[in-house]
Amino acid sequence: MPDGWTPLPKGFYHRHPTLVAPDLLNKILVRDDGRAARIVEVEAYAGQEDPAAHSFRGQTLRNATMFGPPGHLYVYFTYGMHWGSNAVCGNGMGVLLRAAEPLKGVDLMRACRVAAKRDRDLASGPGKLSQAFGITRELDGADLVLADRGVAIVSDGTRPPRKPVVGPRIGISKAMDFPWRWHVPDHEHVSVRAPRTLPPRTR
DNA sequence: GTCCCGATTCCCT
DNA sequence: GGGAATCGGGACC
């Protein structure tokens, strides 16, 4: 791992996902094969208090990892072909990693993402991010602090944005009014960017 | 750029 | 048996 990249403290994840989520912006997802990307978009899922969460109706085989200790990776499968990656906050809660800016190991990411036309298509969505990093079922439960299975989230000292963009979550059909999606403002690698506001007409 | 649609597997009801 | 924390391609503007 490059100099100055440091693991997050375990306690980082021991908070409500709506606090953890914005704090994860500008942190770095790393694998021990050299892949690294800056997290630029996240969503909070608040367990049994959140109708849109996989864990809303309690623990099942699929979501068991989210009920385990905070700071681990919860990996789920959906739409018959896509994987999603979350940081677990405990009690069925977690933060979905929605988009990241590739920093290192970009050739390997391109090899995993043959459909990507441009580098900003490599990890600009939860399924794309997981595919770029080769994250599947096998990494469900990996410890993101100890990196016991070669995946971690670290800091390079960059702070989260002072004023992240906050808005509704994407791809859900319940609790659509919860403004629990955060992203770095004006960032090229975000999955769905805010509609560009037109400059005022002069006439 | 926007909108629409089909793909394809698993888990839970 | 339904529907899913999505993606990419094609039509159209």
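These figures come from a predicted structure and were not determined experimentally. Chain naming here is simple, since letters A, B, ... match the order of the sequence lines and numbering starts at 1 in each.
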For a salt bridge (charged side-chain N to carboxylate O under 4.0 Å, His left out) check, start with the C-alpha distance between A:D143 and A:K10, then their side-chain angles and the critical distance, and finish with the verdict. CA-CA 10 Å; A:D143 191 321; A:K10 198 85 187 172; 3.1 Å; yes

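- A stem is defined here as three or more consecutive Watson-Crick or G-U pairs, each with both distances under 3.5 Å; for DNA chain B these stems are B:1-7 with C:6-12, B:9-12 with C:1-4.
- What separates CZ of A:R137 from P of B:dT9 is a distance of 14 Å, to the nearest Å.
- A:D121 comes within 4.0 angstrom of no nucleic acid atom, judged by non-hydrogen atoms across all strands.
- We find that A:R110 and A:D107 are joined by a salt bridge, their nearest charged nitrogen and carboxylate oxygen being less than 4.0 Å apart.
- For the atom pair A:K104 NZ and A:W5 CH2, the distance stands at 6.0 Å (nearest 0.5 Å).
- An OP1 or OP2 oxygen of C:dG9 is reached within less than 4.0 angstrom by a side-chain nitrogen or oxygen of A:K117.
- Listed here is the closest heavy atom pair of A:L122 and A:A132: O-CB, 3.5 Å.
- Of the residues in residues 37-61 of chain A, those with a non-hydrogen atom less than 4.0 angstrom from any atom of DNA chain C are A:Y45, A:A52, A:H54.
- The cluster map of Ile, Leu, Val, Met, Phe, Trp and Tyr, joined by side-chain heavy atoms under 4.5 Å apart, puts A:L25 and A:Y45 in different clusters.
- Counting non-hydrogen atoms under 4.0 angstrom, A:L96 reaches a base of the nucleic acid.
- One finds a side-chain N or O of A:R113 lying less than 4.0 angstrom from the OP1 or OP2 phosphate oxygen of C:dG8.
- Between A:I172 atom CD1 and C:dA5 atom C1' there is a gap of 7 Å when expressed in whole angstrom units.
- The shortest distance between the side-chain N/O atoms of A:T78 and the OP1/OP2 oxygens of B:dC10 is not below 4.0 Å.
- Applying the 4.0 Å criterion to OP1 and OP2 of C:dA4, one finds that A:R62 has every side-chain N and O outside that range.
- In this entry the distance linking NZ of A:K174 with P of B:dC12 reads 14 Å, nearest Å.
- Distance CG (A:L129) to P (C:dG8): 13 Å, rounded to an integer number of Å.
- Nearest heavy atoms, A:P22 versus A:P17: CD-O, 4.4 Å.
- Using a 4.0 Å heavy-atom criterion, one finds that A:G125 contacts the sugar-phosphate atoms exclusively.
- Taking the side chain as every heavy atom from C-beta outward, A:Y74 and A:H54 approach each other to under 4.5 Å.
- Summarising the geometry, the separation between CZ on A:R181 and C1' on C:dA5 is reported as 12 Å, rounded to the nearest angstrom.
- Between the CE atom of A:M81 and the P atom of C:dG9 there is a distance of 13 Å, rounded to whole Å.
- A side chain to side chain contact (heavy atoms under 4.5 Å, CB included) with A:S85 holds for exactly one of A:L139, A:L144, A:T136, A:L73; it is A:L73.
- For A:Y79 and C:dG9, the OH to P distance is 18 Å, given to the nearest whole Å.
- Closest approach to the A:S173 side chain among C:dA4, C:dC7, C:dG8 is made by C:dA4 (side chain taken as heavy atoms from C-beta onward).
- A:M93 and A:L97 end up in different hydrophobic clusters when Ile, Leu, Val, Met, Phe, Trp and Tyr side chains are linked at under 4.5 Å.
- The nearest whole Å value for the distance from the CH2 atom in A:W83 to the P atom in B:dC10 is 8 Å.
- When atom types are taken as modelled, the side chain of A:H183 and the backbone of A:E41 share no donor-acceptor pair closer than 3.5 angstrom.
- Within 4.0 Å (heavy atoms only), A:M66 reaches at least one base atom of the nucleic acid.
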